[in-house]
**Student:** 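Got a structure for you, written out below as C-alpha cells; questions coming shortly.
Chain naming here is simple, since letters A, B, ... match the order of the sequence lines and numbering starts at 1 in each.
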Amino acid sequence: MSVEAVTGAAQESPAVPAGTAPAAPARGTGRRAALWALPPLIVVADFFCYPLALVVAQSFIAETGGPTLAVWADVVTSPEFGAGVARTVLIAVGAAAGCALIGTFLALVVSFAPFPGVRLVSGLVAVLPAVPGFLIVLSFTFLYGSAGALNALLGGSLDFLYTPWGVLLAEITLFTPFVMRPLVAAFGQIPRARLDVAASLGARPWRVLWQVVLPEVRPALAAATCLVLLMAANEFGIVLFIGAKDVVTLPVLVYTWGIVTFDYPAACVVAVVNVVLSLLLYGVYRWVLSGRGKRRARVDED
Amino acid sequence: MSAAPAIQLRGVGVDYGRKTALADLDLTVERGETLALLGPSGSGKSTALKAVAGFVRPSRGRVLLEGRDVTDLPPHQRGIGVVVQNYALFPHMSVAANVGFGLRARRAPRAEIRERVAEVLDLVGMSAFADRSPRQLSGGQQQRVAIARALAIRPAVLLLDEPLSALDAALREEMVGELLRLRAELPDTTIVHVTHDQSEALALAHRIAVMRDARLVDVGPAREMYRTPRTEFTAAFLGAANLLPVEVVEVDGEGGATVRLGDAIMRARVSGELDGRRRAVLGVRPQRVGVHAEGTGGLPARLLAAQWRGEVFRLDLRLDGAAHSGQEVRVRAEVASIEGLPPVGGRVALTVPDGCPLIADASPEEET
C-alpha cells in the first residue's frame, strides 16, 4: 500500500472562476446608510429636540413676547428654586446610594448565598419596576402612615412618611431592582474558580468580595447607579403622591409653576435647569467613578 | 517536624443530591511526592482535588493535611496552592498584584511581598511581565503567572487541576518541561496533578492514581502502572493498550505465564491477580503490534483502516478466528511504514511480542 492510498482525496479548492476579483463595495452605500439613519433622526428631532428647543426658547420670552433674561433672573434668585435644586440633588444622590447599597447586597445574597425561595424573592424584586410609583406610595401609607399597620403596633410613634426620608425610602424601593438585576447577571459571569482560588490563597470571604468580586462588577454597578441617579432626579409621581409639604423637587416645581400657577416661562426655566442638572449629575458621577477606579488599580499594584 | 503524610483522604465521598461525584476515596500522598489523578471526564478526579482544597465539603470521610484534620476548615485556612484549568487570574490586577494577592491576604509586610513576588516571578520566568495585565499575556504566560501566584504563599501542597488542558500541543509540551523543572527546584512541595492526559501523568508524576466512575481504580508508581497495569481500564487508559483475549495455558511461580492467542502460543507477565482464571486479557500497546504481509507468519487479520499521523501510520485491524464474549476482536497498531502491506480490506499477519502484561478478564468466566 502506498502513502497516497491512505491520505485520502486531496482537498479541492473552492470553485472560484478565474480572474474573478473580490466584489467592490457598491456605489451609493453611504447614501443608503444615510437614508437608514434618517427615520430615527426624525423621531429624535420631533419627540426630543423640538420640544426641548421650545422649552428653552420659552424661558427667554417675556410676557410681552420679546426676548428677555428677566425670567431666568427671577427664577434663579428665588428661594423656592434654590431649595428645589438642593432637595432634588440630595434625594437623587441618596436614592442612588441607597439603591447601590441595597441592590448590591440583595444581588450578593441571591447569587452567592441562596436560600429556599430565593427565586421567588428574586422574581418579586424584579417585578417591582413594573409597579406604578403611586402604588408603592399607597402601600407605604398602609404600612407607615399615621393610621398604618406599623404605627398601630408601635403606638403611633412612627412619623417619617411625609418627610424627605419617606420620599427617599419609596424611591429606593422602586429603583433598587434597576441595580440588583444587572448585578445578579454580572455576578453570574464571574467564574467560580476565581473565587475558589482567591480563598485558597488565604483571602477571607470579605476580602474576596471586596478585592475580587466587586471590582469585576464595577462597570455594571456604575451603569445601574447612574440610571437610578437620573431617574431619581426626575421622579415626579412618588413625590407628588406622598405630598410631603417640605419636599419640593425640581419636577414638582415645574408642575406647580406651569400647571397650578400658570407661570409657564418660569416652569420652562426650571425644566431646563432640571435637564442640565441631570446631565451634570451623570457627568460628575462618571468622573468620580473613573478617578476612584484608577486609584484602586494603583492600590492593587502596591 | 511530624512524619505524617502530606495528604490523607480517608473514605472521602462527595454527593451532589442523589449523584455520587466521589465514592469513598482512600488515598495517601507523601511529602514531596507528585501524584497524578488520572481519569476521563466525570471520573471524580477534580472532585477529589476540590475536597482537598476545601472547595467542596465531603459528604463523608475525613481529609488530613500533614496529619491535621482539615475536613471542617474553610479553604483560606488550609494553606494550599491551587492552579486551575483556566488560570483564574484576577483580570483587574496586574501580574505582580495577582502574584502578591495571597501574601496581602496574609497581611505580609510590603517589603516581604515585593521581594517574594519578584522571587516567584523569576522562578517562572515572568519577571519582565510584572506590570502587565493578564489580558496582555498568552495562555502559557498566564499559566506561569497562575503557578507563581500559587507558589508565592509557600504552600506545602500544590494542587494542579488540568493546568495544561487549555494550551495548544506545542505549548503543553513546553509547560510539561517547566513543571518538571519546578518540581526539581521545589523538592519539598507535594504536588497533586489532575489530568485526563496519560502522557502528562507519566511525565510528571511519581505515582499515578487512576479513577473511573467516581472511584479509585488503581494506584501505583508511574512506570509500574504503565508496564504492568493491574486492570483492563488502566491498561486501556494509560497507553491505549489493545486488550486481546487469551487462554492461560500455564502460570509459573515467577510472575510469568504461557498464553494462547488464536493459534499462537506466547509468554506473558502476570499483572495483578488472575485468581486461577483460565481466561485473561493481554495488554498490547499499539506500538508493539507487528503488522506484516499475509503469509509471513503470525495471526491472520484483516486491515480495516489506515491513517497517516505524520511519524506513524495508525492501522485498525480485525483478528480472524478470535472472538471475545461474542464480539470480534479489534486491534490497533502504529507502524512506521506500510510498504509491502495490502490496501485497506486486504489480509495481513499480526505478531505480538513476548512479555506483554496479562490481566484478569473482568467479564464473567465462561462455562467450559
**Student:** Taking only residues two or more places apart in sequence or in another chain, which ones pass salt bridge (charged side-chain N to carboxylate O under 4.0 Å, His left out) with B:R68?
**Tutor:**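 Counting only residues at least two positions away or on another chain, B:R68 forms no salt bridge (charged side-chain N to carboxylate O under 4.0 Å, His left out).
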
**Student:** State, with a plain yes or no, whether a side-chain heavy atom of A:D196 is found less than 4.5 Å away from one of B:V82.
**Tutor:**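 With C-beta onward as the side chain, the pair stays apart.
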
**Student:** Can you say whether B:L159 sits under 4.5 Å from chain A via the side chain, the backbone, both, or neither, judging by heavy atoms?
**Tutor:**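 For B:L159, there is no contact with chain A at all, as no heavy atom is under 4.5 Å.
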
**Student:** With respect to chain A, which residue among B:A53, B:P91, B:G54 yields the maximal number of heavy-atom pairs within a distance under 4.5 Å?
**Tutor:**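 Most pairs with chain A among the choices: B:P91.
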
**Student:** Report, as yes or no, whether the 6.0 Å neighbourhood of atom CD on B:E115 holds more than 12 heavy atoms from other residues, nucleotides or ligands.
**Tutor:**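 Count not over threshold, so no.
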
**Student:** Count the heavy-atom pairs under 4.5 Å between each of A:A199, A:P205, A:P191 and chain B, then report the option with the highest count.
**Tutor:**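 Sorted descending by pairs with chain B, the first entry is A:A199.
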
**Student:** Rounded to the nearest 0.5 Å, what's the gap from CZ on B:F55 to CG on A:L195? Could you check?
**Tutor:**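 Going from CZ on B:F55 over to CG on A:L195, the span is 10.0 Å.
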
**Student:** For B:R78, which atoms come within 4.5 Å of any heavy atom of chain A: side chain, backbone, both, or neither?
**Tutor:**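 Neither part, no heavy atoms under 4.5 Å.
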
**Student:** Within a reach of under 6.0 Å around OH of B:Y16, are more than 12 heavy atoms found that belong to other residues, nucleotides or ligands?
**Tutor:**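 Enclosed: over 12 neighbouring heavy atoms sit under 6.0 Å from OH of B:Y16.
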
**Student:** State, to 0.1 Å, how close A:R194 and B:L89 come at their nearest heavy-atom pair, and which atoms those are.
**Tutor:**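 Minimum heavy-atom separation between A:R194 and B:L89: NE-O, 3.2 Å.
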
**Student:** With a 4.5 angstrom heavy-atom cut-off, is it the side chain or the backbone of B:I153 that approaches chain A, or both, or neither?
**Tutor:**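 Interface part for B:I153: side chain.
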
**Student:** Do you know the tightest heavy-atom contact between B:H76 and A:A203?
**Tutor:**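 It is CB-O, 3.4 Å.
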
**Student:** By a 4.5 Å heavy-atom criterion (distance strictly below it), what part of B:R107 contacts chain A: side chain, backbone, both, or neither?
**Tutor:**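 Contact with chain A is through the side chain of B:R107 alone.
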
**Student:** Would you mind telling me which of B:G81, B:A88, B:G79 has the largest number of heavy-atom pairs within less than 4.5 Å of chain A?
**Tutor:**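 Heavy-atom pair counts peak at B:A88.
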
**Student:** What's the spacing between A:S200 OG and B:K50 NZ if we round to 0.5 Å?
**Tutor:**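 Atom-to-atom, A:S200:OG and B:K50:NZ are 13.0 Å apart.
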
**Student:** Report which part of B:A150 has an atom under 4.5 Å of a heavy atom belonging to chain A: side chain, backbone, both, or neither.
**Tutor:**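 The backbone, not the side chain.
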
**Student:** CZ of B:R104 to CD of A:Q211: how many Å apart, nearest 0.5 Å?
**Tutor:**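 B:R104 CZ to A:Q211 CD: 5.5 Å, rounded to 0.5 Å.
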
**Student:** Tell me whether A:R204 contacts the main-chain N or O of B:A105 through its side chain, where contact means a donor paired with an acceptor under 3.5 Å.
**Tutor:**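 No.
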
**Student:** Take atom CZ in A:F48; do more than 12 heavy atoms of anything else shown fall under 6.0 Å from it?
**Tutor:**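 At most 12 heavy atoms, drawn from other residues, nucleotides or ligands, come within 6.0 Å of this atom.
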
